[in-house]
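Take a look at the structure below.
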Amino acid sequence: MSKSISGGCKCGAARYRGELADVLMFRCYCRDCQQLTGAGHSEMVPLVAETFQLEGSATEYQMTGGSGRFTWSSFCPTCGSPLIRRSERMKHCVYVHASSLDKPEKYEPTRTIYADSAQPWDKPDADH
């Protein structure tokens with residue numbers, strides 16, 4: 001995947017760009033991701049926080065993650081598309097939802113996390 005990443009929400013009101021971080025892309029089955037996406041899991045792409053730029057606005061929701069530390073989830077205030085996840089633990093990265101990428105077909109997850117929280121109707125692939 002190219003180092004330069006861009007994407008945005010469904011309605012186009014929020015756009016982002018940044019550089020791909022040297023961290024694995026992953027599929028997350030934690031309960032927070034399930035509730036925030038409305039699906040059984042999220043597909044996350046790490047970007048270097050200091051290169052991340054957001055054009056337009058995003059509504060941010062703060063919560064306490066499974067680690068006991070703060071995490072933030074951002075979405076478009078107009079169409080509600082989930083866009084960004086950040087965490088206190090990984091301050092050097094901003095995670096964007098793979099489905100929000102301009103070229104989502106370039107997403108290549110190499111890791112699955114919190115598989116033990118997967119719903120019975122959305123079991124993790126053995127590949128990741």
Side-chain angles (χ1 to χ4, degrees):
M1 182 181 255
S2 167
K3 284 281 191 186
S4 180
I5 303 296
S6 63
C9 67
K10 175 67 176 166
C11 73
R15 299 277 310 149
Y16 64 79
R17 66 177 172 272
E19 297 294 317
L20 189 61
D22 191 20
V23 177
L24 298 176
M25 295 181 199
F26 63 89
R27 178 171 289 144
C28 181
Y29 286 88
C30 80
R31 188 65 180 133
D32 288 339
C33 282
Q34 292 172 20
Q35 291 176 313
L36 292 166
T37 63
H41 63 277
S42 64
E43 306 283 349
M44 305 307 294
V45 178
L47 303 183
V48 177
E50 57 192 36
T51 69
F52 185 78
Q53 297 176 8
L54 178 67
E55 297 170 8
S57 65
T59 298
E60 188 171 73
Y61 173 68
Q62 179 179 305
M63 67 201 100
T64 302
S67 68
R69 298 171 90 177
F70 289 126
T71 66
W72 297 268
S73 181
S74 299
F75 56 92
C76 173
T78 304
C79 68
S81 297
L83 294 170
I84 305 160
R85 292 291 309 270
R86 299 184 303 115
S87 77
E88 221 174 17
R89 287 181 61 197
M90 298 289 286
K91 292 179 182 181
H92 64 285
C93 288
V94 171
Y95 296 89
V96 295
H97 290 270
S99 58
S100 71
L101 297 172
D102 286 340
K103 296 182 179 180
E105 67 276 7
K106 301 292 185 181
Y107 171 64
E108 297 177 11
T110 55
R111 185 173 179 213
T112 295
I113 61 174
Y114 298 107
D116 56 335
S117 296
Q119 296 302 317
W121 43 265
D122 189 32
K123 288 295 183 191
D125 294 338
D127 297 352
H128 304 287

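Nothing here was measured: the structure is a model prediction, and the numbers come from that model. Each residue takes its place number in the sequence, starting with 1.
The environment of K123 atom NZ is dense: over 12 non-hydrogen atoms of other residues, nucleotides or ligands sit within 6.0 angstrom. For E50, the CD atom is loosely surrounded, since the number of other residues' heavy atoms within 6.0 Å does not exceed 12.
Interatomic distance, S6 OG to K103 NZ, rounded to the nearest 0.5 Å: 7.5 Å. With rounding to the nearest 0.5 Å, the separation of CZ in R85 from CG in L36 is 5.0 Å. Going from atom OG of S73 over to atom CD of Q35 covers 11.0 Å, rounded to the nearest 0.5 Å. Q62 CD to T64 OG1: the interatomic distance, rounded to the nearest 0.5 Å, is 7.0 Å. Taking CG of D22 as the reference point, atom NE2 of H92 lies at 9.0 Å (rounded to 0.5 Å).
Checked against the 6.0 Å centroid criterion, the rings of Y61 and F75 do not qualify as a close aromatic pair.
Cluster annotation: M44 is not connected to L54 through the hydrophobic network of ILVMFWY side chains, with a link wherever side-chain heavy atoms come within less than 4.5 Å. Clustering ILVMFWY residues whenever any of their side-chain heavy atoms sit less than 4.5 angstrom apart, transitively, puts V45 in a cluster other than the one holding Y95. Hydrophobic clustering (ILVMFWY, side-chain heavy atoms < 4.5 Å, transitive): L20 and V96 are in one cluster.
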side-chain contact (heavy atoms from CB on, under 4.5 Å) between M25 and E43, worked out:
CA-CA 8 Å; M25 295 181 199; E43 306 283 349; over 6 Å; no

Full working for side-chain contact (heavy atoms from CB on, under 4.5 Å) between H41 and C33:
CA-CA 6 Å; H41 63 277; C33 282; 5.9 Å; no

Determine, stepwise, if the pair Y16 / S100 fulfils side-chain hydrogen bond (donor to acceptor under 3.5 Å, both in side chains).
CA-CA 9 Å; Y16 64 79; S100 71; 2.7 Å; yes

Please test T37 against H97 for side-chain contact (heavy atoms from CB on, under 4.5 Å), starting from the C-alpha separation and ending with a verdict.
CA-CA 9 Å; T37 63; H97 290 270; 3.7 Å; yes

Evaluate side-chain contact (heavy atoms from CB on, under 4.5 Å) for S87 paired with R69, printing each intermediate quantity in order.
CA-CA 8 Å; S87 77; R69 298 171 90 177; over 6 Å; no

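A donor-acceptor distance shorter than 3.5 angstrom exists from the side chain of E88 to the backbone of F70, with no hydrogens or angles considered. Judged purely by atom type and a 3.5 angstrom limit, Y114 has no side-chain atom pairing as donor or acceptor with the backbone of R27. Using modelled atom types, one side-chain atom of R15 and one backbone atom of G7 make a donor-acceptor pair closer than 3.5 Å. Side chain of Q34 to backbone of S117: a donor-acceptor contact under 3.5 angstrom is found. The backbone N or O of E19 sits less than 3.5 Å from a side-chain atom of T51, completing a donor-acceptor pair.
A side chain to side chain contact (heavy atoms under 4.5 Å, CB included) with S57 is found for one member of P77, S74, C76 and no other, namely P77.
When all heavy atoms of G8 and D102 are compared, the pair lying nearest together is N-OD1, 4.3 Å. Here the closest non-hydrogen pair linking A118 and Y29 is CB-CD2, 3.5 Å. Between V48 and A21, the shortest heavy-atom contact is CG2-CA, 3.7 Å.
C30 is not listed as a side-chain neighbour of I113, based on a closest heavy-atom distance of 4.5 Å or more. S99 has its side chain out of reach of P104: every pair of non-hydrogen atoms, C-beta onward, lies at least 4.5 Å apart. F26 places none of its side-chain heavy atoms less than 4.5 Å from the side chain of P109.
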